[in-house]
Amino acid sequence: MSDRRNDRMAMGLPAVIAESIALEMERDDTIVCIGEDIGKAGGVFGATAGLQERFGADRVLDAPISEMAFTGMGVGLAQAGMRPLIEIMFVDFIGVCLEQVYNAAAKIHYMSGGRQRMPIVFKTAGGNIGSAAQHSQCLWGLFAHLPGLKVVAPCNPHDHKGLMAAALRSDDPIVFIEHKALLLQKGRDFRHHPDIPDRAYTIPLGEAAVVRQGSDVTLATLSATVETALEAAEIVADEGISVEVIDLRSVVPLDTPTVARSAARTGRLLVVDEDYLSYGLTAELSMRVIEQIGLDGLRQIDRLALPDVPIPAALSLEQAVVPGTDAITAKLRAMAQGN
Amino acid sequence: MSDRRNDRMAMGLPAVIAESIALEMERDDTIVCIGEDIGKAGGVFGATAGLQERFGADRVLDAPISEMAFTGMGVGLAQAGMRPLIEIMFVDFIGVCLEQVYNAAAKIHYMSGGRQRMPIVFKTAGGNIGSAAQHSQCLWGLFAHLPGLKVVAPCNPHDHKGLMAAALRSDDPIVFIEHKALLLQKGRDFRHHPDIPDRAYTIPLGEAAVVRQGSDVTLATLSATVETALEAAEIVADEGISVEVIDLRSVVPLDTPTVARSAARTGRLLVVDEDYLSYGLTAELSMRVIEQIGLDGLRQIDRLALPDVPIPAALSLEQAVVPGTDAITAKLRAMAQGN
Amino acid sequence: MPDTAKMLDRYRRMGAMRAFDEACLDALRRKAIHGELHVGLGQEAIGAAMFEALQPGDAVVSTHRNHFHALAKGVDPRALLAEICERETGLCGGRGGHMHPFDPENHFSATGIVGASLPVALGYAHAFALRGEDHVAVGVTGDGGSHSGAFHETMVMASARDLPLVVLVENNALAISVDFAAVSPTSTVAERASAYDALGLHVDGTDVDAVTAQFCHAMDHARSGQGPVIIEATCCRFRGHFEGDPEHYRSRDERNRLRAEFDPIALYADRLTEAGVAREDLDAIIKSEKAAAKAMLAEVLADPLPDPADALAHVFVDDVFVAGAAA
Amino acid sequence: MPDTAKMLDRYRRMGAMRAFDEACLDALRRKAIHGELHVGLGQEAIGAAMFEALQPGDAVVSTHRNHFHALAKGVDPRALLAEICERETGLCGGRGGHMHPFDPENHFSATGIVGASLPVALGYAHAFALRGEDHVAVGVTGDGGSHSGAFHETMVMASARDLPLVVLVENNALAISVDFAAVSPTSTVAERASAYDALGLHVDGTDVDAVTAQFCHAMDHARSGQGPVIIEATCCRFRGHFEGDPEHYRSRDERNRLRAEFDPIALYADRLTEAGVAREDLDAIIKSEKAAAKAMLAEVLADPLPDPADALAHVFVDDVFVAGAAA
Ligand SMILES: Cc1ncc(C[n+]2csc(CCOP(=O)(O)OP(=O)(O)O)c2C)c(N)n1
Ligand SMILES: Cc1ncc(C[n+]2csc(CCOP(=O)(O)OP(=O)(O)O)c2C)c(N)n1
Ligand SMILES: [Mg+2]
Ligand SMILES: [Mg+2]
């Protein structure tokens, strides 16, 4: 590994995200960032570090705890020709400001008959790191149910950089959900870690990535669970079970064709999700695959997700509900043994 | 039909709901109602008519447009030993106050380790009656994704009365979604219209009802679409297609066994939903049925719902997206012709 | 000496606004509108004042009761009426409907969610400040919306940053059925401005001269960088909250009394006649505005409804890209 | 002549609160807490004041930084510490964790969502008023939370109905990294009370005597039916926002200065010594409270973690009834 590459791999994920935003802000001065603690502090995880110094306190605005106001500001800024990035610190807080996200940002392009564009990125962090019921949720399933929002949840630094750039260049409103556990990691902590170019680059929204090839079971997931899935796949590989792991990257758009092609080949589909089980990703993707390849296109289908339970504080309970390596390997073994 | 029955059938749905609430408020003086226009005006549809006169302005409180405050009041009232009914006029407005519903009411019983009960009814109205993108949504799929909430959406006056009573007696938080189009109807307007007893009665939460028996296709739906489905079933019956129509009544709990039993018999399952298609009821119920009876337990599975599009204002467009009789009959015919 | 030419303009503008909403009522009766309808009858003086106070670069974000604000901002009346009548020729191709007109060129938009207009106006104000433009953003709310959290959050942010924002509170003393006096801790909304170190103005919104003067003052204040303003204009709503509202909460007598005493057009007609204008000239103005609105409605009703085949267009700007969708 | 016995009680209470949070810090170092932790070091005087002002029937709804308020409300310290340490023996069986302690018997609860405490306190206040009880509900917020819409909506409703609500604003001048002065339009939160026709009190929250007196005044006001109160107590946060906060937003020097100048316990020790109490007696109090907390932590850490088999219990009170689930 070159020294250069080594350095890039030593970067924390937040620095990579900040780099992507900075590159976009440089090329497009209509980008404005608003959120709590994103300026002076550089973000609670550091994902906006350095931006305020570079672009000023009006383009990187430290907001009061007034999410309803500053999500709405995003809508107004977009209408005024700007490209706002609005940070909701943790996705769990969306309950105080969903209004502007789903009734305004998500619908205005449609309601205006295509006359008013809504280029907004709602950047937020989700996922479990021990912070209990009100600070651990994923909630991409919630946004995905509401039309007009694209919903992205990348799994590694390379994708965060490219998808953030794509989000900031898109003319559509995008909910960009980072994972708190990943935000605490460096490039080299990731099993799946493509090089991170210095320059700006984009990854098209809605393209899944096959991050491990396999022939027995297709496992589709996203965000931090991609790492867990890869670990599980390695474990069962030793037992002779070959798992194809697909990183969905976004839930809207959902890249059903990539998953369906794989599932048609393996005959077995397992969808794993750190978000709540019911009325979420697992059922939606499963049904779309069935619709694409037919009920008889699959020998087995299964899903694993956070059961429909608030996330408990205690580590012993949290581990019991968040889909981890053991739960995934157990599912994979059961599926491989079936027909 | 007796005169008495005739009178009851001439009652508007809102009066039936108000009757149920009044009966419960009489037997339990811890019930307190809070909402916009529920008192002096008796509710924008009349579903709380007469309650303020009878129970006073402190138990039937006309609230300012401060949903965040009065949903939170519900939580505080429940903690103080009361049984609040909180009205969110239209379900579309939930974006300004989801916080207290999903992070507090829904989770407190769990977060408290079972020590703090949360008997709250969030009463609201959803559905299409021509009011465009911000006043026509159903959104039960949104609530259903969030653990800790029971989500009810009845289809006729008899069920509204019994399920409202059950909701008010339950110790769990319940989202009770009326349909605006149904609120404009009288008992006799309904195809499926059991007698409405004068006395208080409850219907258990989570029990689906088979509202029409059939042998070729199982059609599961709820709320106003039950009427549409029954109409569609009548139409295709003349063509020799026998449709079993199931009214789910609630999406949480979801009565999968009743649907699965029927689908196992007919071999064909169609789930119809007025809520948005993706990440909602249609996929969840379909997958649960598949999980219960297997991929090979069904010959066909299909779903029909509001596509992932904000609801348009124009009647011509609204009719194109809301699942109506024509769309349902088309699906039923296609399924019956398949194998 | 009163400037009767200017006064007549104001009179005509109020007349045009009322005629516009009467055309909407007519459209509803003819079933050209199948959803809710909230008209502004009784609140014309505020719309007319806004017309004079606004500049083309200013932005207005309005509410469910938005027609007069749209007209004041220069939205094409025909396109607006066609949108309200759900036509393909409407401002938004019939997708938005009467609560959701969007006119990017004129910096006008609205929302059907109470309180939600204000944060959006705040966004415009921030954009103007960022770009060093001397435009002002106007966020409209009713008295009801002044109790929403969004009102507070917007004022906090606008004032801390001295943004060019004018919050217009149309206080018709009712939020559907709920009396302002019964739910407000203060007797005016304007006095709450002190909590935000902002300018608070209170004006009789049925007096078009007074409200125009104060509105201009508010705009100047915000435009000159002195921070946000709350301008509260008291007024009366002459019809139900929405068409079809049974108005259980007020008597017909009460409503008739309001109409008799507080009609901004009638009140202004009195002032104009005192200034020497002939009644028949005033009646002619009203008549011609009504005729124009009627003609416009007739045209609009001949326009096509949107083609159902296009119902799914415009959800996203970028087509949803799905890898290998062709496969 | 100062009542030194009473003063020593206050001193001990502050010492006990600090010792409690130091035990939490210790627990974190020992990895007995795997999530976030927000301690209140520097804010003990407010907790101690609350202790004196509250009556058993009163309710308190607190925030993410809730330990002192819980202790003040009479929540069992051991059960609280066990909850914070995620134990089965915790107040909530380890389900809630440090941001979500619920103690129905003591009418205490908290939330991790900023601003969300206030509407819940409003609900208690309405229940008290409805039932004719003379209890008061206290809703706690930080300075940061005072900018949230929930603050406004709560005050509007409480004041319009004269509910027995005290909103305690612990103003430590920081919302994580954001300076109060940079985002607030007014220099105090208390002065915003006029917008709600409520009583606004501002007090030095590092002076336990002053804050106790004012807190009692606030409670009396609310209890006697005179409507809600905003009481703002200024204070300093001595540690990061949460444990692990790199505190990029303030220098170590600045933090040390705050600790040196505004420690409510040290300041009170000075007052007590001036009143003739010996330093060593004060030190002994602190020492004994530390020892007690340490012993309590040792006990708690020996308690079991919740059994993973129970992870799914308690979502609903009523089991989810599914017709024919047996089939
Ligand atoms: C958040 C929200 N709550 C409730 C409503 C329903 N609603 C529509 S208009 C209205 C009353 C508004 O009163 P006000 O702000 O005074 O405006 P007015 O109708 O008097 O012009 C209500 C309650 C809504 N649209 N949005
Ligand atoms: C609605 C919401 N927004 C943001 C957060 C993240 N957050 C937690 S505490 C905090 C700062 C709170 O500041 P303040 O109210 O002054 O309380 P303090 O921490 O100073 O005690 C923030 C922003 C949250 N929990 N809830
Ligand atoms: Mg009003
Ligand atoms: Mg603070």
Side-chain angles (χ1 to χ4, degrees), chain B residues 30 32 34 56 58-59 61 63-82 84 96-97 99-100 103-104 106-119 147-148 150 170-173 204-209 252-258 260-261, chain D residues 59 61 83 88 90-97 100-105 107 109 111-113 115-131 135 137 139 148-150 152-158 160-161 306 313-318 320-327:
Chain B
T30 66
V32 188
I34 305 180
D58 288 336
R59 278 187 76 193
L61 194 162
I65 307 179
S66 303
E67 285 91 352
M68 186 68 93
F70 68 76
T71 47
M73 274 179 92
V75 174
L77 282 162
Q79 291 186 175
M82 309 298 284
V96 303
C97 60
E99 163 50 27
Q100 294 284 353
N103 269 334
K107 291 176 179 159
I108 284 177
H109 187 254
Y110 186 89
M111 291 195 293
S112 73
R115 293 190 62 183
Q116 179 63 66
R117 305 202 154 187
M118 256 315 122
K150 294 184 177 173
S170 165
D171 279 332
D172 291 314
L205 298 169
E207 256 187 58
V252 180
L254 183 60
D255 185 356
T256 309
T258 295
R261 260 194 312 269
Chain D
V61 184
E83 186 60 33
E88 179 65 38
L91 190 62
C92 306
R95 271 76 179 162
H100 321 102
F102 293 87
D103 187 346
E105 283 77 43
H107 315 296
S109 68
T111 173
I113 307 298
S117 49
L118 305 181
V120 178
L122 181 69
Y124 274 110
H126 184 57
F128 298 154
L130 251 179
R131 298 192 298 234
H135 309 318
S148 74
H152 175 70
E153 296 190 358
T154 300
M155 286 306 302
V156 165
M157 287 194 74
R161 307 185 71 85
H314 303 310
V315 180
F316 292 113
V317 177
D318 300 332
V320 172
F321 174 87
V322 178

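We name chains A, B, ... by the order of the sequence lines, and we start the count at 1 in each one.
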What are the two closest non-hydrogen atoms of [X] and [Y], and how far apart are they?
X	Y	answer
B:L77	D:G123	CD2-O, 3.4 Å
B:Y110	D:R95	O-CB, 3.3 Å
B:G113	D:H314	O-NE2, 3.4 Å
D:L122	B:M73	CD2-CG, 3.3 Å
B:P64	D:M157	CG-CG, 3.5 Å

Could you have a look at [options] and say which one has the most heavy-atom pairs with chain D under 4.5 angstrom?
options	answer
B:S112, B:G114, B:G148, B:S170	B:S112
B:A78, B:A63, B:G72	B:G72
B:E67, B:R59, B:E99, B:M82	B:E99
B:D171, B:V75, B:V96, B:L61	B:L61
B:A80, B:P147, B:A106	B:A80

For [X], which atoms come within 4.5 Å of any heavy atom of chain B: side chain, backbone, both, or neither?
X	value
D:A121	neither
D:A313	backbone
D:H107	neither
D:A59	neither

Exercise. Could you please spell out the steps behind the side chain to side chain contact (heavy atoms under 4.5 Å, CB included) verdict for D:D103 and B:Q116?
Key: CA-CA 8 Å; D:D103 187 346; B:Q116 179 63 66; over 6 Å; no

Practice problem: Evaluate the criterion side chain to side chain contact (heavy atoms under 4.5 Å, CB included) for residue pair B:R115 and D:L91; output intermediate values, then yes/no. | Solution: CA-CA 9 Å; B:R115 293 190 62 183; D:L91 190 62; 3.2 Å; yes

Less than 4.5 Å apart, side chain to side chain, heavy atoms only: is that true for [X] and [Y]?
X	Y	result
D:E153	B:I65	no
B:V32	D:L130	yes
B:H109	D:V315	no
D:F316	B:V252	yes
B:Q100	D:V120	yes

Among [options], single out the residue with the greatest number of heavy-atom pairs under 4.5 Å to chain B.
options	answer
D:G90, D:G97, D:G96, D:P104	D:P104
D:T154, D:V61, D:I113	D:I113
D:A150, D:P306, D:A116	D:A116

Practice problem: Sort B:D58 into side chain, backbone, both or neither according to what part of it lies under 4.5 angstrom from a heavy atom of chain D. | Solution: both

Quiz item: Would you find a donor on one side and an acceptor on the other, under 3.5 Å apart, between the side chain of B:D172 and the backbone of D:D318?
Solution: yes

Quiz prompt | Distance-only side-chain donor-acceptor flag, D:S109 / B:Q79, under 3.5 Å | solution = yes

